[in-house]
Every structure is written in structure tokens, then in C-alpha cells.
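This one's a predicted model, so the numbers in the text were calculated from it and none came from an experiment.
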Amino acid sequence: MAGDGANKLLALSGLFPVYKPKGPTSAQVVAQLKEAGLKEYVKKRKQTLKIGHGGTLDSSASGVLVIGIGDGTKMLGTMLTGSKKYSTEGELGKATDTLDASGTVTEEKPYDHVTKEDLDNVLKSFVGDIMQVPPLFSALKRDGERLSSLLRKGVTVEAKPARPVTVYSLSVRDFQPPLFTLNVECSGGFYVRSLVSDVGKALKTCASVKDLVRTKQGPFTIEDHALKEEDWTIGRISDAVREFAPLLPTPPGNKKLKTDNSDKIIPSPE
């Protein structure tokens with residue numbers, strides 16, 4: 001990456017969404033963006049590229065991951081607490097320790113009694129303001145270390161207490177037992193894996209997530225905005241920061257964050 005290009009990237013401030021594929025963690029995606037030819041240039045000049053993400057996607061999940069760069073990292077809190085949309089495929093009759101297909105099967109139960117009408121009726125109780133217990137395997141931390149890391153080390157971990165979350169909409173897109181697909185719109189802090197597990201229990205069976213895609217985060221959708229890996233270049237990122245800035249709210253009292261060649265009003269963190 002040439003010096004001019006690196007200078008261009010270091011001067012950017014704002015938000016842009018990328019498409020995170022299955023496999024890497026959200027932190028690994030951020031590291032990949034940061035590493036893209038910039039490491040040696042920045043190291044020589046003792047400069048720091050500020051970059052981070054606005055809400056963890058499980059390594060087994062894919063979809064929209066919002067990235068903050070420069071002073072745009074100060075805005076990531078709004079992405080963490082803001083609304084998100086997901087499409088998830090659940091599997092009836094199978095429970096795992098991680099609540100998804102990446103884990104070890106811990107229980108299997110009959111599911112032949114479950115109908116689509118049963119599923120539709122059960123989902124009604126999960127819409128609105130609800131209390132939800134986060135998964136044990138999660139990015140939540142105890143004493144500064146992720147619960148998932150502690151569990152993999154064999155440390156006994158207690159479940160975090162239920163916490164308030166909001167489900168704005170929840171519907172069945174497909175029902176082909178044992179598989180079913182849900183569309184979910186929810187608040188920050190919500191775990192789709194916990195939802196699918198709880199739905200399975202409510203149906204008097206068990207269930208786990210087979211596939212999970214974040215289709216929207218804040219104003220950014222997977223179809224219209226998320227940059228695929230081949231577009232993770234300085235030029236395309238620069239264009240995206242400038243192009244997507246008008247999608248963000250601009251309440252009074254915000255400061256200007258610079259893009260590579262113009263000023264844009266970008267909201268301060270809440």
C-alpha cells in the first residue's frame with residue numbers, strides 16, 4: 001500500500017459496513033482491515049490507525065459488520081445499542097452447548113408434534129420488551145476474559161442473569177421440520193441463539209441455530225451497503241465512508257468528522 005494511500009486511510013473518520021463471512025471472528029475481520037498493507041507504513045511513522053467494530057458477530061455467523069475508523073470509532077456505541085435485523089435457520093429436536101451448530105450436541109428430543117401454527121403462536125410471546133438470558137458461549141466477560149474462552153479452558157461459568165432486550169418484529173419465513181427460518185428485528189444486546197433455544201423449549205422440544213445472517217445494522221443493509229472482501233481497499237473504503245455518511249442521523253451539537261476530501265457531519269456518541 002503506497003504512502004499516499006495510507007495517509008488517505010489514516011485521515012478518514014466515519015462508519016462503513018463490511019460483509020463478514022462465516023469463519024473469522026469479528027475481531028479478526030477488523031485486524032484484516034487494519035493489516036491491509038498499512039502495518040509497516042504506520043509502524044515506521046509511529047502512527048495509530050483507530051478502527052473497531054460496532055457489535056460482535058459469532059464466527060459461525062455472517063452478514064453486516066459495521067466498522068468505525070478514526071473518530072468514527074466514537075460512534076460505535078450507537079451501533080451496539082441500535083436495532084439489527086437477522087435471518088436465522090433453526091433446527092428442532094437438537095440442543096448444543098453453544099446453542100448453534102458449532103457446538104457439541106447435548107440433547108435430542110422428538111419434534112414431530114410441532115406445527116407451523118404452534119411456532120407462530122409461540123413467537124408471539126417473544127415480541128416486545130422481554131427478559132433474556134445470554135448464552136454461556138458469548139463475548140460477555142468475567143474478570144476481563146470472555147465467557148467462551150473460560151469455558152474452553154474448562155473453567156466453570158455461571159449463566160449471566162436475564163437482562164431486558166426488545167424484539168421489534170419476529171416472523172416465520174419457512175417451516176420444513178426439523179428446520180425453520182425466522183426473520184428477527186431486535187435491539188442491541190439480543191442473542192438470536194438464546195431466542196431459538198427458548199423457542200424450542202416453549203414448543204416442548206429443543207432447538208439450536210443452524211445458520212445466522214445479520215441482514216441489517218443501523219441504516220446499513222447486506223444487499224445495498226456491505227463491502228465484500230474484494231472491496232476492502234483504501235479507495236473503496238474511502239468512497240464508502242463518504243457515500244454512507246448521509247445515511248447517519250445528524251442531531252444538533254455534533255462535530256464534523258473528516259473524510260479524505262470533504263467534511264461530513266457525523267453524530268457524536270450517545
Side-chain angles (χ1 to χ4, degrees), residues 1 5-20 24-59 61 63-84 138-141 144-146 187-190 214 216-222 225-229 231-270:
M1 187 178 296
N7 277 328
K8 188 176 186 181
L9 185 60
L10 287 163
L12 286 175
S13 285
L15 299 178
F16 63 97
V18 300
Y19 173 79
K20 189 197 88 65
T25 65
S26 298
Q28 286 170 338
V29 169
V30 171
Q32 186 175 344
L33 287 163
K34 193 172 183 177
E35 285 279 322
L38 189 62
K39 184 176 180 181
E40 288 304 315
Y41 180 84
V42 173
K43 183 177 179 181
K44 289 176 183 177
R45 288 153 182 77
K46 298 181 179 180
Q47 292 174 282
T48 300
L49 174 64
K50 293 192 295 181
I51 188 169
H53 67 78
T56 300
L57 260 180
D58 297 332
S59 58
V64 179
L65 183 68
V66 176
I67 304 296
I69 190 168
D71 284 345
T73 55
K74 299 175 183 178
M75 301 168 55
L76 291 175
T78 62
M79 293 294 108
L80 285 166
T81 58
S83 69
K84 304 170 180 67
S138 70
L140 298 178
K141 296 181 179 180
E145 189 166 0
R146 289 190 174 196
S187 65
F190 184 86
R214 183 188 285 162
K216 185 177 181 182
Q217 184 174 9
F220 303 119
T221 65
I222 193 170
H225 307 112
L227 302 182
K228 297 290 183 66
E229 188 171 348
D231 292 322
W232 296 357
T233 64
I234 288 180
R236 188 64 190 98
I237 290 171
S238 176
D239 290 343
V241 169
R242 182 175 61 253
E243 178 184 347
F244 299 148
L247 299 176
L248 302 168
T250 55
N254 292 324
K255 64 179 182 178
K256 288 185 178 181
L257 299 181
K258 292 183 179 179
T259 60
D260 61 308
N261 60 3
S262 62
D263 286 343
K264 299 290 182 184
I265 304 292
I266 297 184
S268 302
E270 293 178 349

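- A salt bridge links D239 with R242: the closest approach of a Lys/Arg side-chain nitrogen to an acidic carboxylate oxygen falls below 4.0 angstrom.
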- Task: Dump the intermediate steps for side-chain contact (heavy atoms from CB on, under 4.5 Å) on L65 and F220, then the final yes or no.
- Result: CA-CA 9 Å; L65 183 68; F220 303 119; over 6 Å; no

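- Applying the side chain to side chain contact (heavy atoms under 4.5 Å, CB included) test to A240 and every residue at least two apart in sequence or in another chain returns F16, L227, R236, F244.
- Residues G82 and K84 come closest through the heavy atom pair O-NZ, 3.2 Å.
- To the nearest 0.5 Å, the span separating CG on L33 from CD1 on I237 amounts to 5.5 Å.
- Of the possible polar contacts, one joining the Q217 side chain to the G54 backbone as a donor-acceptor pair under 3.5 Å is found.
- Atom CG of D58 and atom OG1 of T56 lie 8.0 Å apart (nearest 0.5 Å).
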- Please report the C-alpha distance between L76 and L15 in whole Å, then the side-chain angles of each, then the deciding distance to 0.1 Å, and finally whether the side-chain contact (heavy atoms from CB on, under 4.5 Å) criterion is met. CA-CA 8 Å; L76 291 175; L15 299 178; 3.8 Å; yes

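- When every heavy atom of V64 is checked against every heavy atom of A226, the shortest pair comes out as CG2-CB, 4.4 Å.
- Residues satisfying the side chain to side chain contact (heavy atoms under 4.5 Å, CB included) criterion with V30, sequence neighbours excluded, are I51, H53, I67.
- At least one side-chain heavy atom of K20 sits under 4.5 Å from a side-chain heavy atom of S26.
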- L57 and V29: side-chain contact (heavy atoms from CB on, under 4.5 Å), yes or no, with the steps? CA-CA 10 Å; L57 260 180; V29 169; over 6 Å; no

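- For T221, the side chain to side chain contact (heavy atoms under 4.5 Å, CB included) partners are K216, E223, D224, H225, not counting sequence neighbours.
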